Amino acid sequence: SGMNGTAIENFVCVIFNVSFMNCTWPIDRTSSGDTQYFLYWKSSRKEDFSECENYIKDHCGRHTGCRFQNVTIENKRAYFLLNVSRSGQNIHNSCYIIVEKLTPPLNVTVNCTEASHGCEIRWRPPRTSHVKRHTCFKYEVVIEKV
């Protein structure tokens, strides 16, 4: 909620390549030119919030996202504060989503033998920013004849 044209919906953070995170939010078409968005985050309750250092901006110079590097998330939680400022008034919004785009499985090996008329495929789980239990992963193998 907040002043007309300042409420944030569809705030999403995507973690990729293990330690990079992009957070984005759409700006309401009705928001005025003096509306600005400031993102703060922390990866644990014990830390202080840190402001984004690398904002993504639209053609009007309004912040529409943030790029983070060297991200680590403890205990599968992250805390975000999106401060929306308009004409000197601050509006805080919450309820955000984090998605992690996983890297492919590591060290994939295939060993096929004529004697067994089959192949053995092995791999290691992908690297992630925060998942420690490899039983959380499910894999699908697609075999195509060439």
Side-chain angles (χ1 to χ4, degrees), residues 1-112 119-146:
S1 65
M3 296 170 60
N4 285 344
T6 61
I8 298 298
E9 295 179 7
N10 300 320
F11 175 102
V12 176
C13 293
V14 177
I15 299 171
F16 59 98
N17 290 343
V18 181
S19 64
F20 296 94
M21 180 171 68
N22 283 354
C23 296
T24 57
W25 54 89
I27 293 179
D28 189 310
R29 284 188 222 123
T30 62
S31 68
S32 64
D34 65 346
T35 301
Q36 190 56 281
Y37 304 80
F38 300 95
L39 179 63
Y40 302 85
W41 95 290
K42 61 183 180 177
S43 62
S44 74
R45 287 185 183 215
K46 299 173 192 170
E47 293 180 29
D48 291 330
F49 278 101
S50 297
E51 184 178 356
C52 170
E53 294 181 1
N54 189 10
Y55 282 108
I56 301 165
K57 298 179 183 183
D58 70 3
H59 64 283
C60 296
R62 293 177 295 193
H63 302 155
T64 60
C66 182
R67 293 181 183 98
F68 295 97
Q69 296 181 2
N70 302 318
V71 170
T72 56
I73 296 178
E74 300 173 13
N75 302 321
K76 298 186 241 177
R77 291 183 188 254
Y79 303 87
F80 294 91
L81 173 63
L82 188 59
N83 205 359
V84 183
S85 177
R86 180 172 166 193
S87 302
Q89 292 185 319
N90 290 329
I91 301 99
H92 300 273
N93 295 281
S94 59
C95 190
Y96 308 128
I97 297 171
I98 296 181
V99 175
E100 182 165 11
K101 288 188 177 180
L102 300 174
T103 62
L106 304 170
N107 297 345
V108 177
T109 59
V110 179
N111 185 14
C112 298
C119 295
E120 179 181 81
I121 305 171
R122 292 180 178 257
W123 61 83
R124 286 194 10 238
R127 293 180 15 198
T128 71
S129 65
H130 65 284
V131 176
K132 304 299 180 215
R133 292 179 41 203
H134 298 301
T135 57
C136 294
F137 294 104
K138 291 185 179 185
Y139 301 92
E140 179 179 326
V141 177
V142 177
I143 299 173
E144 296 179 2
K145 256 189 169 175
V146 182

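All values below come from the heavy atoms of this structure, side chains included, with hydrogens, waters and symmetry mates left out. Remember, it's a predicted structure, so these values are computed and weren't measured experimentally. Throughout, residue positions are numbered sequentially from 1 according to the sequence presented.
To the nearest 0.5 Å, atom CG of residue Leu39 and atom CZ of residue Phe68 are 4.5 Å apart. With values rounded to the nearest 0.5 angstrom, Glu51 atom CD is found 4.0 Å from Tyr40 atom OH. Interatomic distance, OG of Ser50 versus CG of Leu81, reported as 11.5 Å (0.5 Å rounding). For the atom pair CH2 (Trp25) and CZ (Arg62), the distance works out to 12.5 Å, reported to the nearest 0.5 Å. The structure places CZ of Phe16 at 10.0 Å from CE of Met21, a figure rounded to the nearest 0.5 Å. Leu106 contributes atom CG, which lies 12.5 Å from atom CH2 of Trp123 (distance to the nearest 0.5 angstrom).
Thr35 places none of its side-chain heavy atoms less than 4.5 Å from the side chain of Ile27.
In terms of heavy-atom proximity, Tyr139 sits nearest to Pro105 at CE2-CG, 4.0 Å. Pro126 and Pro104 get closest at one heavy-atom pair: CB-O, 3.8 Å. When all heavy atoms are compared, the tightest approach of Tyr79 to Phe49 is O-CE2, 3.6 Å. In terms of heavy-atom proximity, Cys66 sits nearest to Glu53 at SG-N, 4.4 Å.
In this structure, the side chain of Thr64 engages the main chain of Ile56 through a donor-acceptor pair within 3.5 Å. Glu47 contributes no side-chain N or O that, together with a main-chain N or O of Trp41, makes up a donor-acceptor pair within less than 3.5 Å. Side chain of His63 to backbone of Phe38: no donor-acceptor contact under 3.5 angstrom is found.
Cysteine sulfur proximity is not satisfied for Cys23 and Cys52, their SG distance being 2.5 angstrom or more.
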